[in-house]
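A short worksheet on the structure shown next.
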Amino acid sequence: YLKSASSSFVRNGIMTAASFITVTCCLFLFGVFLLFTLNMSSISKQIEDQYELIARIDINADEQTQQSVYNQVLTLDNVTDAHLETKDQAFENFKKELGEDADVLEGLESENFLRSSIKITLTDIRKSDETVASLRKIPGIAEVENHKDIVTNVVGFTSSVKKGSAIAMIVLLLIAVFIIQNTIKLSVFAREKEIHIMKFVGATDHFIRMPFVIEGVMLGLLGFTASFLIIAFGYNTAIATVASVISLFEFVPLQECLLPLGISMALFGVLMGSAGSGLSIKRYLKV
């Protein structure tokens, strides 16, 4: 099988080169879509992790009341962590944010107009409405800020991107199988008489088909190797370029991508090549 497949692989050089380029291009696009999806998932997770509820405490609450409110917040089911910021700390932070313009606040320390607040990190942002309802029942909390709509839109967009990428990958697979099928079909057509003679002398369909399937697998693996190397060497450069424009998020490091990317692309290439080869010879086995 291997000898026959290798012989055909070399003998049909032009067809092999055409199939190799096709497979490489399809696998390259597949890898790009996969990396894009991985990074969008990572960004979505970062947004969810950074999401906070802010509970504003009654402006007249004393330190004991503030601590009591804080302790009650920590006991809520969906709360992972909470940080109490007193009105004095809030005033100092506000001054830092103003920077050189902080002098406009001079003399207002004794008339601090800010409230103490609690910044709350949730276990599951999808349950933020229930958590907000629970927070509003705690005596001493004046209001709760919940910017869930922004996060929901981002997470929804990420989910749509994942679905779109999955559809694009399936379409790529079908297109690649179709192209490889027709490319290898030319090689099969050139050996039509040979296949018929083998059938007449008793060769099984499996015996005849296997060299072509192996040839397709070889094409898939070669295409995988070329496309994987291109992506591996170009990924860091691409990420650095994007990061220089969008610095709000951390992108998935290459080391974390290599294993899932390599396995997925290799399987995609083998499936693409073997399916295209298997389908291309099917009609010639009917004698």
Side-chain angles (χ1 to χ4, degrees), residues 5 9 12-46 154-188 212-243 245-246 249-282:
F9 204 74
N12 300 286
I14 296 177
M15 291 298 100
T16 298
S19 299
F20 167 73
I21 293 172
T22 301
V23 172
T24 301
C25 291
C26 289
L27 283 173
F28 175 78
L29 292 175
F30 173 82
V32 169
F33 275 116
L34 185 59
L35 288 173
F36 180 71
T37 304
L38 287 173
N39 278 287
M40 288 304 298
S41 298
S42 174
I43 289 173
S44 176
K45 183 67 169 60
Q46 290 174 50
V154 173
V155 173
F157 171 74
T158 306
S159 177
S160 299
V161 169
K162 290 179 184 177
K163 293 176 182 177
S165 297
I167 293 172
M169 291 174 190
I170 293 172
V171 172
L172 274 175
L173 174 61
L174 295 176
I175 292 173
V177 168
F178 175 77
I179 295 174
I180 293 171
Q181 176 187 353
N182 284 278
T183 304
I184 295 180
K185 191 179 289 184
L186 296 175
S187 174
V188 176
F212 290 98
V213 173
I214 292 174
E215 186 178 343
V217 171
M218 291 168 64
L219 278 171
L221 291 176
L222 281 174
F224 153 70
T225 303
S227 56
F228 183 77
L229 289 175
I230 293 171
I231 291 175
F233 283 109
Y235 180 74
N236 284 334
T237 302
I239 288 301
T241 303
V242 175
V245 180
I246 306 174
F249 306 107
E250 293 183 4
F251 295 94
V252 181
L254 178 62
Q255 294 78 2
E256 294 182 15
C257 298
L258 285 179
L259 184 59
L261 180 68
I263 293 174
S264 300
M265 289 179 66
L267 290 175
F268 191 80
V270 169
L271 176 62
M272 194 191 313
S274 58
S277 299
L279 291 172
S280 65
I281 195 175
K282 187 176 181 180

Task: Nearest heavy-atom neighbours spanning Phe20 and Leu219 - done: N-CD2, 3.8 Å
TODO: Flag yes if more than 12 heavy atoms outside Tyr235 fall under 6.0 Å of its OH atom; otherwise flag no.
DONE: yes
Task: side-chain contact (heavy atoms from CB on, under 4.5 Å) partner of Phe233, the single match among Thr237, Ile230, Leu229 - done: Leu229
Open item on the list: Using the ring pair (Phe, Tyr, Trp, His ring centres under 6.0 Å) criterion, which residues pair with Phe228? Sequence neighbours excluded.
Closed with: Phe224
- [ ] Answer yes or no: is there a donor N or O on one side and an acceptor on the other, between the side chain of Asn39 and the main chain of Val252, under 3.5 Å?
- [x] yes
Task: Closest approach of Ser227 to Leu27 (non-hydrogen atoms, all atoms of both residues) - done: OG-CB, 3.3 Å
Open item on the list: Within this structure, what is the CG-CZ distance for the pair Leu38 and Phe33, rounded to the nearest 0.5 Å?
Closed with: 13.5 Å
Task: Side chain proximity check, Val270 to Leu221, heavy atoms < 4.5 angstrom - done: yes
- [ ] To the nearest 0.5 angstrom, please state how far the CE atom of Met265 sits from the CD1 atom of Ile231.
- [x] 4.0 Å
Donor-acceptor pairs under 3.5 Å, side chain of residues 256-264 to any protein atom, not counting sequence neighbours: which ones?
unit_1	atom_1	unit_2	atom_2	d
Ser264	OG	Pro260	O	2.7

